[in-house]
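Comments concern the structure below.
In what follows, every chain begins at residue 1, and chains take the letters A, B, ... in the order their sequences are listed.
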There are 2 protein chains.
Amino acid sequence: MPSRRQSQASGTRTAILDAAERLVQTRGFNGFSYADVAAELKITTAALHYHFPGKAELGDALIERYAARFGEALEGIAAMDAFAPAKLRAYKDLYLGVLREHRMCLCGMLAAEYQTLPDTMRKSVVGFLDQNCEWLSALLEAGRSERSLHFDGTAPAAARMIVGALEGAMLVSRPYAGTEHFELIANRLIEDFTLPARPARARR
Amino acid sequence: MPSRRQSQASGTRTAILDAAERLVQTRGFNGFSYADVAAELKITTAALHYHFPGKAELGDALIERYAARFGEALEGIAAMDAFAPAKLRAYKDLYLGVLREHRMCLCGMLAAEYQTLPDTMRKSVVGFLDQNCEWLSALLEAGRSERSLHFDGTAPAAARMIVGALEGAMLVSRPYAGTEHFELIANRLIEDFTLPARPARARR
DNA sequence: GTCTATAACGAGATAGAC
DNA sequence: GTCTATCTCGTTATAGAC
């Protein structure tokens, strides 16, 4: 039987990333410390430094994992047997799921703190935004082709608007308690891109 | 001749607020220190504490001044001899002006850091967002009445979408160099609300 | 892999002289 | 109003034992 590969994430490493991720998404990269993570895991900060030499490396690992997970979710949506509007709603629901946990999008939070980030983290944040815009562009193009979505201008431009609007909706919604504020904005945004279904029935 | 009132802002106090404001808008409330402000003004941190006993009080003063200044700008726009679409563009340009200085909206930045803020600052951030939404609601209603703007649903809901989208556009635009990213999103957003002028000429 | 111990620094804040 | 001097605490980080 094959033994564990050295590249496999140890339980502690994953637990550190989980705790740090939540802290960054709720308090920001400049709003948490190694001590916060260590306290949550009931280990010492010295143990943290064993897994991540410095906060910059921890930050790099956080974005890398987050972007990979988000990419998988996007692949899952792309593989859905559904028309583009349903996929766009599923994309919006990714953000909604994050907000439900009272979190900001990791890279949206880091975008706010952009000027204070190490250079490697900056590049990764931009990469995440680009990744989202490219995926959305393809979805929008497909929706236009199948006549289920409509928008003026280029697909990349429309994609940037959607990403910006959803990130902004999360940003301004978190100071208010629930998700109603976000859903109001997001649902309205998505409707603006959706053409009424032709064959079955009119929009209710 | 009347001597200076005690309530008048001293030059130092204003200089502190100016420096701190820029620091918060570029680096976040958790991304700057008294030492940063003191260094910029070439005074000591002890002098800062004379004007603002603690960082929380400084933060309160920052939001208060920012909201007041923003409110004045809104009054100025409301008083314009123009139709609602021009006023909506002027509103958008308020955000654009901030972004041109490579800054995030003060309260947008603070919204990201919301969970780490003192309670008085939290309340003020929400107040700022509400102030904007209420002003925009009135503008949207007026535009609908004069048939120069159109939107589905209620004016407050549409206003929240605009505020969220503009804050989000700033957020995701700052990692990219110029203002093109923002303008693409914001102009598109505003066009979606604007009805083509009836009498004179079609949109160019 | 995790600990204790500690270094080295920066942050917010205060006392008291000028 | 602003300074010097100092305090306390939190944060990042390292050395070396277990």
Side-chain angles (χ1 to χ4, degrees), chain A residues 3-24 26-63 109-110 113 115-121, chain B residues 3-24 26-63 109-110 113 115-121:
Chain A
S3 62
R4 291 190 168 181
R5 303 288 309 238
Q6 81 174 93
S7 63
Q8 178 176 351
S10 73
T12 302
R13 186 189 155 91
T14 299
I16 293 169
L17 288 172
D18 290 344
E21 184 178 83
R22 187 184 53 74
L23 284 164
V24 174
T26 51
R27 302 179 54 87
F29 192 72
N30 295 323
F32 85 103
S33 70
Y34 265 41
D36 295 326
V37 179
E40 188 164 322
L41 272 56
K42 288 170 185 163
I43 57 177
T44 62
T45 59
L48 284 188
H49 281 284
Y50 169 81
H51 293 278
F52 301 97
K55 213 180 174 186
E57 288 79 12
L58 174 56
D60 288 337
L62 282 175
I63 308 178
M109 181 66 86
L110 295 176
E113 301 175 292
Q115 305 239 46
T116 71
L117 299 182
D119 199 59
T120 52
M121 288 182 68
Chain B
S3 61
R4 293 191 168 181
R5 303 289 308 243
Q6 80 174 91
S7 65
Q8 176 177 353
S10 74
T12 301
R13 186 189 155 92
T14 300
I16 293 169
L17 288 172
D18 289 344
E21 184 178 84
R22 187 183 53 75
L23 284 164
V24 174
T26 52
R27 303 179 53 88
F29 192 72
N30 295 323
F32 86 103
S33 70
Y34 266 40
D36 295 327
V37 179
E40 190 164 320
L41 271 58
K42 287 170 184 164
I43 57 176
T44 61
T45 59
L48 284 188
H49 281 283
Y50 170 81
H51 294 278
F52 302 97
K55 212 180 175 186
E57 287 80 10
L58 175 55
D60 288 337
L62 283 174
I63 307 178
M109 182 65 86
L110 295 176
E113 299 175 293
Q115 303 241 43
T116 72
L117 299 181
D119 199 60
T120 52
M121 289 183 67

Worksheet entry | Minimum-distance pair of heavy atoms, taken over all atoms of A:L48 and A:A38 | CD1-N, 3.9 Å

Worksheet item: If you measure from OH on A:Y50 to CD1 on A:I16, what distance do you get to the nearest 0.5 Å?
Response: 10.5 Å

Worksheet item: Under 4.0 Å: is that the gap between some side-chain N or O of B:S33 and OP1 or OP2 of C:dG10?
Response: no

Worksheet, complete the sentence: Here the gap from A:L58 atom CG to A:H51 atom NE2, rounded to the nearest 0.5 Å, amounts to 11.5 Å

Worksheet entry | Interatomic distance, B:L58 CG vs C:dA13 P [rounded to whole Å] | 10 Å

Practice prompt. Quickly work out the A:D36 CG to D:dT12 C1' distance and round it to whole Å.
Written response: 13 Å

Worksheet, complete the sentence: From NZ of A:K55 across to P of D:dT14 the rounded distance in Å is 15 Å

Item to complete: Mind running a 4.0 Å heavy-atom check of residues 38-47 of chain B against DNA chain D and sending the residues that fall below it, in number order?
Response: B:K42, B:I43, B:T44, B:A46, B:A47

Worksheet item: At what distance, to the nearest 0.5 angstrom, does CG of A:L23 lie from CG of A:D18?
Response: 11.0 Å

Worksheet item: Once you round it to whole Å, what is the distance between P of C:dC9 and OH of B:Y34?
Response: 25 Å

Discussion item. Can you tell whether the side chains of A:R22 and A:E40 come within less than 4.0 Å, N to carboxylate O?
Written reply: yes

Practice prompt. Could you tell me which non-hydrogen atom of A:G31 sits nearest to which non-hydrogen atom of A:R27, and how far apart they are?
Written response: O-NE, 2.8 Å

Worksheet item: About how many Å separate CG of B:L62 and CD of B:E57, when rounded to the nearest 0.5 Å?
Response: 11.5 Å

Discussion item. Without decimals, in angstroms, what is the distance between B:L23 CG and C:dA11 C1'?
Written reply: 15 Å

Response to the item:
Separation of D:dT12 atom P from A:F32 atom CZ, nearest Å, is 7 Å

Practice prompt. Send over the distance from B:F52 CZ to D:dT2 C1', rounded to a whole Å.
Written response: 15 Å

Worksheet entry | Listed nucleotide nearest any side-chain atom of A:H49, set D:dG1, D:dT12, C:dA11 | D:dT12

Discussion item. Heavy atoms only, 4.0 Å cut-off, all strands: where does B:Y50 land among base, sugar-phosphate and nothing?
Written reply: base

Worksheet item: Given atom CZ of A:R13 and atom P of C:dT2, what is their separation to the nearest angstrom?
Response: 13 Å

